[in-house]
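Input: a single structure, listed below in structure tokens.
Whatever order the structure lists ligands and atoms in, that order sets their numbers, starting from 1. Since this is a predicted model, take the numbers as computed values, not measurements.
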Amino acid sequence: MAKHAALSEKFIADEPRTDWHDETLWFVRQKRDKAAHGLPGWEQLRELASQIKNHTLSNLEKYLRQFEQQAKANGITVHWAADGDEHNKIIHDIIRKHNIEKIVKSKSMLTEECHLNEYLLHQGIEVVDTDLGERIVQFRKEPPSHIVLPAIHLKKQDVSETFHKYLQTEKGNNDPQYLTEAARQHLRDKFIQSELAITGVNFAVAETGGFVVCTNEGNADMGAHTAAVHIACMGFEKIIPKAEHLAVFLRLLARSATGQAITTYSSHFLKARRGQEMHIVIVDNGRSKQLGRKDFRNSLKCIRCAACFNTCPVYRRSGGHSYHTAVAGPLGSIINPNMDMKANADLPFASTLCGSCSNVCPVKIDIHEQLWKWRQVVVAEGYVDASKKTGMRGMAYILAKPGMYRFAGKMGRWVMRTFPFMINNKLNAWYKQREMPEVPKQSFRDWYLKNRGK
Ligand code: SF4
């Protein structure tokens, strides 16, 4: 069984949790709709954002060089990393150079993609995630299940148990206020002691060499303002040409992500404060390859709002862990096959192709079309199950021959009528979740010829 299907089965085994997950994300989607419809010119804003991103991708080298030059002029040390390993080594070198032991990190999907925490842990260095949801999943040794709401698969009872185990809170106390206060006290202590803060980057501005980090908890600011060293990590697609473009993207990001008019903290970093050291690591990790794929380069326009996750009927009902990659959902299904096609060949098939993802995407990425195109690439490169391949070949053969098609239809109806158990059994994956339809007495063609034909 394909990995996504098998992992989804685990998630949906808990029916009440699946319903609740589905409803919670749909609630976020509805908040997004309300916020989007409340802003006049929403569609023009999407179009503008899409055009800015298209222009930036077509002039990427120019803007990245401009950003590097400006950032260096502001006193920031700029590093380039070809892949996740190089990214991790750069950060490790900075840690070693300063002999640092206490590290805090705010939410950065790039560091998840590069497996930074695991890499540093392997070197005996612990990183404390300071986003509340990230800290919860870090305690539980789980990856985030959503790029904006990392612990959305968990209920307050799960959080209570986790905090009781790791923060010694009262057993069975599920009060959100109480749990949040416990996390606050715990994290405040980590911030005060931290020597190094790692943050992500939402937007890097070529014109100024500065960057913007958006959080609702202020944890990126707390880390960056208390630690002596700040490292910001960004995938190279985070670049935008001008500061005025932030007015377009910040309005789209918050509304698309959570339905807020503006993210609580949109912090602008331009240079290190006196006595602090600031680094920025610009990472490729497969992005150049994706840029070179004509049908898929558009995916680099993504601003990581997760609107496509919240609307996707498959994601809402299968949970983020079923995608077995750092970035789940429809977005993960179009970027991960590029990174490792063999490991992620199942993901483009984890979709109904309903197009709701493309419909909500604030930068107009043709997500569902890319999913459909990835399926073709995956099949052409031989990464589908032998059973599926054989089945599809058989189907293509039958569909190409009208006589054969009519004969197969007749045989199929006869088998389903005479030996229904051959189809309606647990070995048939299709039957597991569905009732088989009642078998018609005749085909549509026969009916048509009798009633409408000559
Ligand atoms: S693909 Fe579009 S909708 Fe999905 S996370 Fe990226 S910007 Fe948001």
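- At the top of the distance list for atom 8 (Fe) of ligand 1, counting protein heavy atoms only, stands Cys305 SG, 2.3 Å.
- A salt bridge does not link Lys156 with Glu161: every distance from a Lys NZ or Arg NE/NH1/NH2 to an Asp or Glu carboxylate oxygen is 4.0 Å or more.
- Checked by atom type, the side-chain pair Gln290/Ser299 shows a donor-acceptor distance below 3.5 Å.
- A donor-acceptor contact closer than 3.5 angstrom links the side chains of Thr325 and Asn336.
- By the criterion of a heavy-atom distance under 4.0 Å, neither the backbone nor the side chain of Ser299 is placed next to ligand 1.
- Near Ile365, the atoms of ligand 1 lying under 4.0 angstrom from a non-hydrogen atom of the residue are 1 (S).
- Among the atoms of Cys361, an N, O or S atom falls under 2.8 Å of atom 2 (Fe) of ligand 1.
- Residue contacts with ligand 1 for Val360 are absent, since no atom lies close enough (heavy atoms, distance under 4.0 Å).
- No side-chain donor from either of Glu86 and His79 sits under 3.5 Å from a side-chain acceptor of the other.
- Within the listing of ligand 1, atoms 1 (S) sit less than 4.0 angstrom from a heavy atom of Ile367.
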Check the pair His321 / His153 against ring-ring contact (aromatic ring centres under 6.0 Å, His included), numbers first and verdict last.
CA-CA 9 Å; His321 291 158; His153 59 293; 4.6 Å; yes

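- Residues Glu23 and His21 bring no donor and acceptor atom of their side chains to less than 3.5 Å of each other.
- Among protein heavy atoms, the minimum distance from atom 6 (Fe) of ligand 1 is reached at Cys302 SG, 2.3 Å.
- Within the structure, the closest approach of Ala306 to ligand 1 falls below 4.0 Å when heavy atoms are considered.
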As a quick check of understanding, evaluate ring-ring contact (aromatic ring centres under 6.0 Å, His included) for Tyr119 and His92, giving each step before the final call.
CA-CA 9 Å; Tyr119 174 89; His92 191 200; 5.8 Å; yes

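- From the protein, the heavy atom lying nearest to atom 4 (Fe) of ligand 1 is Cys308 SG, 2.3 Å.
- Among protein heavy atoms, atom 7 (S) of ligand 1 sits closest to Ile303 N, 3.5 Å.
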